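Taking it in order: structure first as structure tokens, then the write-up.
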Amino acid sequence: MTQPHDPRRRQIGLAAVSSLALSALGTAHAQSAWPAAKPIRMIVNFPAGGSPDLVARAVSSAVSQALGQQIVVDNRGGAGGIIGSDLAAKSTPDGYTILCSSGSGASIVPYVTPKMPFDHDKDLIPVAAGARLQLFLVVRSDAPYKTFAEFVAFAKGNPGKLSYGSPGNGTSPHIAGEMLKSQAGIFTLHIPYRGSGAALQDLLGGNVDYLLDPGIAFSHVRSGRLRLLAVTSPQRLSMFPDAPTLNELGLKNFDAGTSHGFWAPAGTPAAIVDRLNREINRALMLPSAVESIKGIGAEPTPMTPAEFGAVTKGDARRFAQIIKERKIVHD
């Protein structure tokens, strides 16, 4: 039987359709207007002064100008980068929170931490690479060893006497330190800190004996307070052409490089991720950013989000052997 026409029902239906249409229009407008609503928070998962912080600040001003919106750098160090990464992973995926992470934050820490508070592969998505970072074996200039060979000989003759600092358990300097110990056949103590800056201060103060430095100790190398014994890159670096690689010194295929970069909470609209990627890549090529990044012995590395994700996975596979061999577990 045909139902009688009810004008009120038709009005209700039209109102519902109009409401849905306005909601969709509002969402589309919000995305198209991004980033007009509020400042963008760039969480850095290590303290100020460390290499992730330097990479973030190398691009933040230029990206802010390009987007027409303020970018606030928010340092949230601790737990080897987990605290800051967790905060970013659990943020609203609206384009107003991004993460600048150390390379170890993506390629090491998730694989050495039994109970991660988030799933890096599911809860964060790659946005852009920032810089390919290398590490530098540095000691105090008054140390009794002047070369890498003398350093190894001293360590072998005094097992357990030397100690090295790192930005935290499971960070790339920690993994590199264990790679060095394994391949050189030495036993030294690992002292974790909350960031590279604190480890550097304790090296200068005599509380640890060496660092696998992520590029923040160069001023002290140049002033003569610290001595650079070797670099961990596959090839020599132009800024320190006289510094040998560990590979040259007998530690075959030694490569401790990682890629610092930018991530966003999963679910962040693809259009926003693409825009951020373009602006970060442009910023990385500015002379000021190139100078700043090269100042820590790194190279700017513009990439697509997919390329950046693949690089971090490749690094993780490369570090897997030492993680398994040394049974490295993040506290």
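Since the structure is predicted, the reported quantities are computational estimates derived from the model, not experimental observations.
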*In terms of the angle between their ring planes, are Tyr210 and Phe151 parallel, tilted or perpendicular, with boundaries placed at 30° and 60°?*
perpendicular
_Taking ring pair (Phe, Tyr, Trp, His ring centres under 6.0 Å) as the definition, give me every residue that meets it alongside Phe240, ordered by chain and number, with sequence neighbours left out._
Phe218
*Does atom CD of Gln321 have more than 12 heavy-atom neighbours from other groups under 6.0 Å away?*
no
*Decide yes or no on side chain to side chain contact (heavy atoms under 4.5 Å, CB included) for Ser182 and Ile322, but give the supporting numbers first.*
CA-CA 8 Å; Ser182 177; Ile322 192 65; 3.8 Å; yes
_For Ser85 and His120, which I'm curious about, is there any donor-acceptor pair between the side chains at under 3.5 Å?_
no
*Could you list all the side chain to side chain donor-acceptor pair (under 3.5 Å) pairs where at least one residue sits in residues 220-229, not counting sequence neighbours?*
none
*asked:* Measuring only between side-chain heavy atoms, which start at C-beta, is Ile82 closer than 4.5 Å to Met116?
replied: yes
*asked:* With side chain to side chain donor-acceptor pair (under 3.5 Å) as the test, pick out the partner of His260 among Ser51, Ser172, Ser101.
replied: Ser51
*Would you check if the side chain of Lys38 reaches a backbone N or O of Pro35 as a donor-acceptor pair within less than 3.5 Å?*
no
*Return the minimal non-hydrogen interatomic distance between Ala66 and Glu279, and the atom names on each side.*
CB-OE1, 3.2 Å
_For the backbone of Ser102 and the side chain of Asn45, can you confirm whether one donor and one acceptor N or O come within less than 3.5 Å of each other?_
yes
*Looking at side-chain heavy atoms only, is the closest gap between Val329 and Val112 below 4.5 Å?*
no
*Does the pair Arg41 and Leu87 meet the rule for a side chain to side chain contact (heavy atoms under 4.5 Å, CB included), with working shown?*
CA-CA 11 Å; Arg41 179 169 61 161; Leu87 179 62; 3.8 Å; yes
*Hey, any chance Val55 and Ile71 share a hydrophobic cluster, counting ILVMFWY side chains that come within less than 4.5 Å of each other, even indirectly?*
yes
*Euclidean distance, Asn281 CG relative to Thr304 OG1, rounded to 0.5 Å*: 8.5 Å
*Counting only N and O atoms by type, is there a donor-acceptor contact under 3.5 Å from the side chain of Arg318 to the main-chain atoms of Asp255?*
yes
*What are the two closest non-hydrogen atoms of Ala264 and Thr268, and how far apart are they?*
CB-OG1, 3.7 Å
*Donor-acceptor under 3.5 Å (Arg132 side chain, Gly257 main chain)*: yes
*Identified side chain to side chain donor-acceptor pair (under 3.5 Å) counterpart of Tyr164 within the set Lys181, His190, Glu178*: Glu178
*Got a donor-acceptor contact below 3.5 angstrom from the Lys90 side chain to the Phe118 backbone?*
no
*Of all heavy-atom pairs between Val127 and Phe308, which one has the smallest distance, and what is that distance?*
N-CD2, 4.3 Å
*Using a 4.5 Å cut-off on heavy atoms from C-beta on, say whether the side chain of Arg57 contacts that of Val44.*
no
*Determine, step by step, whether Tyr193 and Gln201 satisfy the side chain to side chain contact (heavy atoms under 4.5 Å, CB included) criterion, reporting the C-alpha distance in whole Å, the side-chain angles of both residues, the deciding distance to 0.1 Å, and the verdict.*
CA-CA 11 Å; Tyr193 291 84; Gln201 290 307 308; over 6 Å; no
*Taking all heavy atoms of Leu133 and all of Pro214, pick out the closest pair and write down the distance.*
CD1-O, 3.6 Å
_Go through it in stages, so that I can follow the logic: the residues are Phe254 and Thr232, the test is side chain to side chain contact (heavy atoms under 4.5 Å, CB included), and I'd like the CA-CA distance, side-chain angles, deciding distance and then a yes or no._
CA-CA 6 Å; Phe254 198 105; Thr232 67; 3.8 Å; yes
*For Arg194, does the CZ atom sit with more than 12 other heavy atoms under 6.0 Å from it, leaving out its own atoms?*
no
*Taking all non-hydrogen atoms of both residues into account, name the closest pair between Ile293 and Pro300 and its distance.*
CG2-N, 3.8 Å
*Is Ile186 linked to Leu229 within one hydrophobic cluster, defined over Ile, Leu, Val, Met, Phe, Trp and Tyr using a side-chain heavy-atom separation of less than 4.5 Å?*
yes
*Under 4.5 Å between side-chain heavy atoms, hopping through other hydrophobics if needed: is there a path connecting Leu286 to Val73?*
no
_ILVMFWY cluster, Leu284 and Val290 together (side-chain gap under 4.5 Å)_ = no
*May I ask whether Leu211 and Leu237 are part of the same hydrophobic cluster, defined by side-chain heavy atoms of I, L, V, M, F, W, Y residues being less than 4.5 angstrom apart, directly or through others?*
yes
*Identify the two heavy atoms, one from Ala48 and one from Asn75, that lie closest to each other, and give their separation to 0.1 Å.*
N-ND2, 3.3 Å
*asked:* Test your reading of the model: is there a side-chain donor-acceptor pair from Ser64 to the backbone of Ser60, 3.5 Å cut-off?
replied: no
*In Å, rounded to the nearest 0.5 Å, how long is the span from CD1 of Ile191 to OG of Ser166?*
9.0 Å
_Could you check whether any side-chain heavy atom of Leu54 comes within less than 4.5 Å of a side-chain heavy atom of Ile216, counting everything from C-beta outward?_
yes
*Given side chains that start at C-beta, do those of Phe262 and Asn277 come closer than 4.5 Å, heavy atoms only?*
no
_Minimum side-chain heavy-atom gap Phe148-Leu180 below 4.5 Å_ = yes
*Quick one: are Pro126 and Thr312 in side-chain contact, heavy atoms under 4.5 Å?*
no
*For Leu189, what are the other residues in its hydrophobic cluster, where any two members join if their side-chain heavy atoms are less than 4.5 angstrom apart?*
Phe187
*For the atom pair CG (Leu246) and CZ (Phe136), what is the distance rounded to the nearest 0.5 Å?*
11.0 Å
*If you draw a 6.0 Å radius around NZ in Lys146, do more than 12 non-hydrogen atoms from other residues or ligands fall strictly inside?*
yes
*asked:* For Asp209, is there an ion pair with Arg140 - N to carboxylate O distance below 4.0 angstrom?
replied: yes
*For the atom pair CD1 (Ile98) and OG (Ser91), what is the distance rounded to the nearest 0.5 Å?*
11.0 Å
*Does any non-hydrogen side-chain atom of Ile328 lie less than 4.5 Å from one of Phe319?*
no
